[in-house]
Structure formats: C-alpha cells, structure tokens
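For reference, the structure discussed in these notes is given below.
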2 protein chains.
Amino acid sequence: MAVTIRDVAKLAGTSITAVSAALNNSSGSTIRVSQATRERIYDAAAQLGYVSNPIAKSLATGKTKVLGLMLPYADAFVDQNPFCNQVMSGIMREVVHRHYNLMLYTATSGIQKDRAAMLVDSRIEGLLLVMPPEDSAIFLKCKKRNIPYVSILDRPIAGSWSVNSDDYTGGRMAAEHLVRLGHKRIAHLMGSQDVSTSQPRARGFRDTLELAGIEVQEELIVQSGFDWRLGMDSTQQLLQRGLKHMPTAIFAANDLCAEGAIRAIRASGLSVPDDIAVVGYDDTWYATLTQPPLTTVHMPIEEMGEMAARMLIARLEGDDSIDPQPVLPVSLTVRNSCGAFSAPFVDGTKSSPAVRQ
Amino acid sequence: MAVTIRDVAKLAGTSITAVSAALNNSSGSTIRVSQATRERIYDAAAQLGYVSNPIAKSLATGKTKVLGLMLPYADAFVDQNPFCNQVMSGIMREVVHRHYNLMLYTATSGIQKDRAAMLVDSRIEGLLLVMPPEDSAIFLKCKKRNIPYVSILDRPIAGSWSVNSDDYTGGRMAAEHLVRLGHKRIAHLMGSQDVSTSQPRARGFRDTLELAGIEVQEELIVQSGFDWRLGMDSTQQLLQRGLKHMPTAIFAANDLCAEGAIRAIRASGLSVPDDIAVVGYDDTWYATLTQPPLTTVHMPIEEMGEMAARMLIARLEGDDSIDPQPVLPVSLTVRNSCGAFSAPFVDGTKSSPAVRQ
DNA sequence: CGAATTTGATAAACCGCTTCATCAAACGAC
DNA sequence: GTCGTTTGATGAAGCGGTTTATCAAATTCG
C-alpha cells in the first residue's frame with residue numbers, strides 16, 4: 001500500500017541500507033553514501049512520494065519523539081480554566097519547534113486514578129504533568145517504567161523536576177504597588193489552603209508591608225478562594241466591619257476572586273478604585289473584562305509550558321546542564337482597578353508620581 | 001531492557017504465538033490456546049510484569065488506535081475560547097471510553113499551513129478537525145494519504161464528515177423566547193460575516209418574527225461580532241436612535257457580545273432586563289458571570305466533540321450505518337437577562353405566564 | 001610498487017509483535 | 001479400524017525501518 005524504503009531502494013538501484021543512511025543524513029551514522037547515489041536516492045524518494053514510517057522507525061530505534069501531556073481532572077477545568085489552554089499553547093510551541101509530538105491524556109475523574117496511569121503507554125518518551133495531585137499514581141508508574149517527567153506546578157516537589165512561578169515575588173509586587181499608591185490598610189483574600197501557592201503569596205504580601213513599616217493587621221488577611229462567589233462573600237464581611245476598620249485596598253487570590261471583590265464593593269455603594277483599590281492574580285483574559293479593568297499579577301503561563309517542554313526534551317536528549325526546578329518570574333500588569341500607575345516605594349525605587357498620599 | 005513476549009513464552013514454556021494469542025483473547029484469531037496453557041501464560045506475564053509494546057503491535061497490525069486532534073490556530077484561541085476546552089473534553093471522554101488515544105496538533109499560525117499538515121504523521125488512523133479554515137491544506141493531505149477525518153464545524157461541508165449544531169433553531173429559540181415575553185421591537189447583533197453560523201441564526205430569528213406576525217425591522221438587524229467591544233459599539237449605535245426606535249430586546253451574536261450589549265445599556269442609564277432584555281449565544285461559563293446572568297442559547301459543545309470522536313471511530317471500524325453530517329440540537333438556558341421564564345408563543349406551545357404583554 | 005587506510009556499498013540481523021501455513025494428536029462418525 | 005474433522009501448538013515470514021559486520025574498490029603513503 002504505502003511506499004517503503006525498499007521501493008525507493010529498488011528504483012534507485014541501491015540497497016535499503018543506503019536509502020536509510022541517505023535519508024537520515026545525520027553525520028552520526030557510520031554508513032557512508034556517495035554524493036551520486038545520495039542524489040539518485042533523493043530523486044527516487046521524491047518520485048515515489050516516500051514518507052518514512054515513524055512506527056517502524058520507533059521500533060527500530062526505541063525513540064518515538066512523542067511526549068505525553070497529562071491534564072488534570074477534566075471536569076473541574078473544562079469550562080473555567082484558561083490556564084490549561086495557555087500552558088498547552090506554550091508546550092505546543094516548543095514541541096513543534098523541536099520536532100516532537102504530543103499525546104494527550106486526562107486524569108478523568110470518571111475512571112480510577114490507576115486506570116488513568118495505566119493509559120500512559122510506552123509510545124511516549126516522557127511526560128508533562130499539569131498540576132498533578134500530590135498523591136497521583138502517575139508518579140509511581142513513571143518511576144517504575146522509568147519515564148522521565150516534568151510537572152507544571154504550584155509548588156516544587158523535592159527530587160522531581162518541575163516548573164514553578166515566583167509566587168513570593170508575586171505577593172510582593174501586588175503589595176508594593178498598593179503601598180506605593182499610599183495605602184495603609186490593605187486586605188488580602190487568600191486562596192484556598194490546600195493550594196500551596198497561597199502561602200508564598202501571603203508571605204510576600206506580609207514581608208512587603210513590614211518592609212514599608214506598615215503594621216500587618218491580621219484581621220485584614222482572610223481565608224477566601226479562587227471563585228468569584230468566595231471573593232464576594234469575603235469582601236462583604238470585610239466591608240461590614242464599619243468604616244474605621246475597612247481596608248482601602250484589597251489583594252485578591254486571583255482574577256475571579258477580584259471580580260467578586262469588585263462586585264461586593266459596588267454593591268455596597270462604594271467605588272473601585274476611588275474608595276477601594278483591587279489587585280488580582282494570574283492576569284487571565286478575564287482581567288480585561290472586569291470594570292474597571294483589573295490590575296493584576298501576571299503569571300507567565302505559556303512560558304511555563306514552554307519551559308517544561310524544553311526541560312523534558314533536554315533531559316531526554318541527555319542534556320544535564322538544565323535546572324530541574326526553575327522558578328519563572330512574574331510581573332505586574334497595571335490597569336485601572338487601583339486608579340494609578342506606580343508611585344515611589346520605600347526602598348527608593350524610582351517611579352511615576354503617586355496618586356494617593 | 002523491557003520484558004517482551006519472548007520472555008513470557010520462555011517462562012511459560014510455550015511459543016510466542018501462543019502468548020500473543022492468549023494475551024489478545026479476542027475470539028477473532030484462528031489460533032487456539034487451551035485453558036491450561038492460557039493460564040500458564042497469564043501467570044508468566046503477571047510474574048514478569050509484561051506490558052505489550054504498542055509500537056510493535058502497530059507495526060504488525062497496521063492499526064495504532066490513535067486519533068489526531070487538530071486545533072485551530074492556537075494564538076487566536078489561546079486565551080479566550082472555552083470552546084476548544086469543551087470540545088476536547090467531549091472528545092477525550094469518548095476516546096478513553098473506546099480505548100483509543102489522542103495525538104495533538106495545532107495549526108500554529110507561526111508555521112506555514114503546509115508544514116502543519118506535514119506534521120500529521122502516519123501514527124494516526126484518523127483526524128478530528130476543530131473549526132478548520134475552509135482552504136486548509138489538511139483536507140488535501142488527508143485525502144492523499146487516505147486518512148479519514150471528521151470536522152467539528154460551524155457549517156456542513158459537502159461530501160465530508162462533520163458535526164454541526166442547529167444554528168437555525170438556535171436563532172428561532174432566542175427569538176421565540178423574546179416574542180413570548182411580549183417583545184415587538186427586537187434587535188439582532190449578527191456575528192461576523194465570514195463565520196457562516198451567523199446566517200442560519202439570523203434566518204431563524206427572522207422566520208420566527210414573521211411567524212409571530214411581527215414585522216422584521218431591518219434597521220434593528222445589524223452587523224456586529226463575537227467580541228464584547230463590538231457588541232457594545234453596536235448597541236450604543238442602536239440606543240442613539242432615540243426612544244421611539246429603540247429595541248426592547250436584543251439577541252446578541254454570542255455571550256461576549258451580549259456582555260457588551262449589557263454594558264452599553266447600563267452605561268446609558270437603562271436597566272437589563274427591565275428596559276431592554278438580552279439573549280446571548282453559546283452558553284459558555286461566562287454567561288453566569290454577567291449581571292444579570294445571561295439567558296442564552298446553549299450549544300452542546302462537549303456533545304459535539306463526543307459525537308465527532310464516535311463518528312470517526314465508527315468509520316475506522318467499518319461501521320457504515322452512521323450519519324456523516326449530524327446536526328446536534330441546541331436548547332435555551334433561561335437566566336435573568338430577559339426577566340422572565342417562558343410565556344406562550346403564537347403557535348400555541350404551552351408555557352408559563354407571560355411577564356410582559 | 002606494495003601495504004595501509006579510506007570510501008562506498010551491501011547482506012543480514014534485529015526491534016516486538018501478529019498471523020499464515022503446517023503439523024501432530026485427539027476426537028467422532030461410519 | 002479408517003477417515004475426516006477439530007483442537008492445540010508451533011516455526012517462520014512478515015511489518016518498515018536501523019545498524020552491525022563484512023567486503024571490494026579506490027586512495028594515500030612510504
């Protein structure tokens with residue numbers, strides 16, 4: 001049916017060995033092919049429309065040039081999470097660039113975790129894990145079958161390769177921005193406790209206030225969550241404490257949580273940013289849709305995907321020089337929800353004029 | 001390194017033929033294995049932890065049990081489109097259920113279309129195309145290499161397999177809902193002209209008004225788009241025409257467009273739904289976030305993915321009884337942006353009491 | 001010019017699995 | 001008891017590539 005290496009050899013009047021060597025014109029091979037035969041082979045291949053069969057190649061070489069991508073429990077992510085999209089986009093970019101392919105798996109909650117892990121077959125050389133649960137059976141399977149993997153994660157895991165973003169600095173940046181704008185009473189709506197990103201962000205937030213000589217008021221640091229309803233509820237509670245104790249700024253757990261905060265603030269007749277400034281986290285596309293558009297900490301999501309793919313490929317190709325747990329830098333995307341662009345911070349960083357003193 | 005069929009055969013004291021037959025205990029094979037040897041083989045396999053090598057299997061059988069999934073130009077979809085997520089989720093469900101695997105491709109705009117098509121390698125048995133551009137080189141490649149494909153599409157393509165949703169009825173449903181609520185002056189913000197979903201939806205809209213004896217006012221049917229900015233702009237123009245000519249309801253191109261409409265209405269001091277009712281399209285997760293939550297036409301996106309996978313697999317397995325161009329039904333998700341649940345329509349359909357006469 | 005080396009080419013083994021062709025033994029029917 | 005049929009089992013030939021070992025011819029060199 002399909003045209004094989006033998007057909008090409010026959011037409012070119014050579015051996016299949018020569019064809020194989022000529023077509024993978026990598027210098028690594030010990031086989032030598034003269035320029036003349038090489039060209040006859042090229043011609044024959046072109047004439048027949050020969051395409052190498054990657055399956056046969058894989059069987060012979062033991063390499064497949066395929067990576068696996070394990071997405072988290074689909075159901076939870078289906079609708080609401082642009083995160084996966086963006087990570088995939090970054091991964092894809094690198095994978096295509098390096099001439100690899102991607103096999104998709106999801107840890108569907110419908111089937112047992114074991115089953116999901118079983119599905120990772122030997123066609124893949126390595127695995128990319130997006131936000132794997134800590135106890136995932138995948139880790140064991142990978143170790144057992146000796147499949148290298150890299151996780152894209154909210155926390156570093158000891159002894160395993162992963163890509164992380166700099167949550168601590170993210171917390172600092174949000175806080176610094178607000179401090180620069182003159183805020184003294186800043187609230188922080190923390191993300192859910194079981195997601196470990198929440199801790200370093202909160203630490204960054206606290207450290208920044210201290211550095212600025214602002215006393216951290218514990219009653220302004222509240223447990224909230226990544227949902228807008230939670231953000232709204234928490235904010236309502238903050239606002240009910242009376243004017244004296246109300247914050248002048250809120251650092252929310254993420255963009256959706258910030259949306260909830262904004263709604264609560266408005267519902268109580270106050271204005272964002274005039275009465276209360278709001279900062280989000282993640283910089284998803286949603287951040288441009290809030291009213292006013294949200295100032296938010298930008299996570300380099302695509303870059304994280306790209307980096308993960310790069311690390312995995314490097315590892316597969318025997319490059320040991322790569323950092324197994326890189327921390328990618330975050331940045332602050334300034335929009336209108338704080339009413340201002342940056343003002344000088346206590347450490348003397350230069351900046352634009354302050355808006356609120 | 002890995003344990004092979006030969007190792008199992010040796011341990012069980014049989015031939016590799018027997019092992020192969022026993023382990024694929026499909027009745028299709030002509031090879032017969034006694035119960036006794038079968039069990040010895042099972043034991044040996046379990047003891048060695050044998051896992052079949054799918055690559056070798058593929059090479060021998062010519063089947064890979066892998067489908068390709070081609071996503072549209074990544075850049076445009078990265079952030080804002082939950083559509084791909086949902087389609088993927090549906091596809092994944094079916095693919096896992098049928099014990100297939102999924103290889104991911106994207107028609108990245110960075111590389112030429114030809115390159116993208118080249119990347120579809122012979123490891124896949126069939127291809128699922130999400131919203132392929134009409135002129136895509138993929139179609140040719142697939143035909144040439146004889147790879148069956150199914151598209152998930154906004155329009156049926158003659159002579160090719162595709163899954164569509166019933167846009168015409170979607171347009172009707174939106175209009176009927178508004179007519180039932182007593183609206184006479186209903187505007188329609190049409191989607192962009194180059195996306196062919198826009199036409200049937202508009203037809204459904206028009207036909208419904210006519211059926212209800214409401215004159216279709218051409219100046220209320222305007223070209224808009226799938227972006228919230230476009231929705232806002234179009235709506236502002238509608239509102240500037242003065243009270244007499246203002247619509248009492250708007251059927252938007254999609255949920256984001258509806259968001260724009262809502263903003264424009266609010267900005268001009270009017271209320272949704274009291275002054276103007278708004279209906280969206282798609283029922284993405286975003287529809288719950290608008291204020292008020294959006295009444296919108298629900299597209300069965302996941303089901304479309306599932307159906308596409310089912311069709312492709314059926315086709316691969318020689319099932320000819322399947323409809324090559326199914327049209328999936330839409331429904332109306334009623335929330336608060338029209339202020340009411342359904343009222344009787346002119347055709348006599350029964351319903352709940354009307355809110356506006 | 002003869003020996004050593006390089007160059008060009010190939011046959012054959014192999015990757016791990018399926019499957020066809022073949023065959024001996026057991027079984028049933030007459 | 002003989003003959004046809006079923007049952008159980010196997011060797012060997014692929015599938016389409018890569019790679020090792022081998023070899024003849026051409027080239028280099030003292």
Side-chain angles (χ1 to χ4, degrees), chain A residues 1-42 44-45 48-66 99 101 121-125 145, chain B residues 1-42 44-45 48-66 121-125 145:
Chain A
M1 177 119 272
V3 28
T4 77
I5 204 176
R6 275 161 241 272
D7 301 327
V8 178
K10 194 176 293 172
L11 181 60
T14 64
S15 69
I16 58 166
T17 310
V19 177
S20 173
L23 262 33
N24 310 298
N25 52 358
S26 58
S27 48
S29 170
T30 56
I31 312 274
R32 280 171 295 263
V33 183
S34 70
Q35 195 55 34
T37 22
R38 190 174 288 266
E39 271 162 18
R40 264 186 303 143
I41 289 171
Y42 288 158
L48 295 172
Y50 169 77
V51 187
S52 162
N53 180 334
I55 298 171
K57 191 168 199 155
S58 293
L59 184 57
T61 59
K63 306 232 170 265
T64 62
K65 289 264 186 180
V66 175
H99 302 288
N101 278 97
D121 62 65
S122 59
R123 271 172 292 203
I124 64 169
E125 291 186 57
R145 295 228 213 134
Chain B
M1 177 117 274
V3 28
T4 78
I5 205 175
R6 273 164 245 271
D7 302 326
V8 177
K10 193 176 292 172
L11 182 59
T14 63
S15 68
I16 59 166
T17 309
V19 176
S20 171
L23 261 32
N24 310 298
N25 51 359
S26 58
S27 48
S29 169
T30 55
I31 312 274
R32 279 170 295 262
V33 183
S34 71
Q35 196 54 33
T37 22
R38 189 174 288 267
E39 271 162 19
R40 263 186 304 143
I41 290 171
Y42 288 158
L48 295 173
Y50 170 77
V51 187
S52 162
N53 180 333
I55 299 171
K57 191 169 199 154
S58 294
L59 184 57
T61 60
K63 306 231 170 266
T64 62
K65 289 264 186 180
V66 174
D121 62 64
S122 60
R123 271 173 293 204
I124 64 169
E125 291 186 54
R145 294 229 212 133

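So you know, we letter chains A, B, ... as the sequences are listed, proteins then strands, and number each from 1. Computed over heavy atoms, backbone and side chain alike; hydrogens, waters and symmetry mates excluded. Note that this is a predicted model, so its numbers are computed, not measured.
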By salt bridge (charged side-chain N to carboxylate O under 4.0 Å, His left out) - contacts of B:R40 (at least two apart): none
Interatomic distance, A:L48 atom CG to A:T4 atom OG1 [nearest 0.5 angstrom]: 9.0 Å
Sugar-phosphate only, base, or nothing, as touched by B:S20 at under 4.0 Å among non-hydrogen atoms: base
Distance test, side-chain N/O of A:N24 to OP1/OP2 of D:dT18, below 4.0 Å: yes
Minimum heavy-atom distance A:H99-A:K65, with the two atoms named: O-CD, 3.7 Å
Sequence-distant partners of B:A45, side chain to side chain contact (heavy atoms under 4.5 Å, CB included), two or more places apart: B:V8, B:Y50
Within residues 10-23 of chain B or reaching into it, pairs that qualify as side-chain hydrogen bond (donor to acceptor under 3.5 Å, both in side chains) - sequence neighbours excluded: none
When the side chains of residues 54-63 of chain A are checked against the rest of the protein, which donor-acceptor pairs come out under 3.5 Å, sequence neighbours left out?
{"from": "A:K57", "atom 1": "NZ", "to": "A:N24", "atom 2": "OD1", "distance (Å)": "2.9"}
{"from": "A:S58", "atom 1": "OG", "to": "A:P54", "atom 2": "O", "distance (Å)": "2.8"}
{"from": "A:S58", "atom 1": "OG", "to": "A:K63", "atom 2": "O", "distance (Å)": "3.1"}
{"from": "A:T61", "atom 1": "OG1", "to": "A:K57", "atom 2": "O", "distance (Å)": "2.8"}
{"from": "A:T61", "atom 1": "OG1", "to": "A:K63", "atom 2": "N", "distance (Å)": "3.1"}
{"from": "A:T61", "atom 1": "OG1", "to": "A:K63", "atom 2": "O", "distance (Å)": "3.4"}

Rounded distance in Å - CG (B:N53) to C1' (C:dG16): 6 Å
Gap between atoms CD1 and P, on B:I5 and C:dT19 respectively (whole Å): 11 Å
Near-strand residues of residues 54-62 of chain B, defined as heavy-atom separation under 4.0 angstrom from DNA chain D: B:L59, B:A60
Atom-to-atom span, NZ of B:K10 to P of D:dT10 - whole angstrom: 15 Å
Gap between atom CZ of B:R123 and atom OG1 of A:T64 - 0.5 Å precision: 6.5 Å
Hey, what are the protein-to-nucleotides 8-12 of chain C N/O distances that come in under 3.5 Å?
{"from": "C:dG8", "atom 1": "N7", "to": "A:R32", "atom 2": "NE", "distance (Å)": "3.4"}
{"from": "C:dA9", "atom 1": "OP1", "to": "A:S34", "atom 2": "OG", "distance (Å)": "3.4"}
{"from": "C:dA9", "atom 1": "OP1", "to": "A:T37", "atom 2": "OG1", "distance (Å)": "3.3"}
{"from": "C:dA9", "atom 1": "OP2", "to": "A:S34", "atom 2": "N", "distance (Å)": "2.8"}
{"from": "C:dA9", "atom 1": "OP2", "to": "A:S34", "atom 2": "OG", "distance (Å)": "3.0"}
{"from": "C:dA9", "atom 1": "OP2", "to": "A:T37", "atom 2": "OG1", "distance (Å)": "2.7"}
{"from": "C:dT10", "atom 1": "OP2", "to": "A:S15", "atom 2": "N", "distance (Å)": "2.9"}
{"from": "C:dT10", "atom 1": "OP2", "to": "A:S15", "atom 2": "OG", "distance (Å)": "3.2"}
{"from": "C:dA11", "atom 1": "N6", "to": "A:T17", "atom 2": "OG1", "distance (Å)": "3.0"}

Spacing of A:I5 atom CD1 and A:I41 atom CD1 [to the nearest 0.5 Å]: 9.0 Å
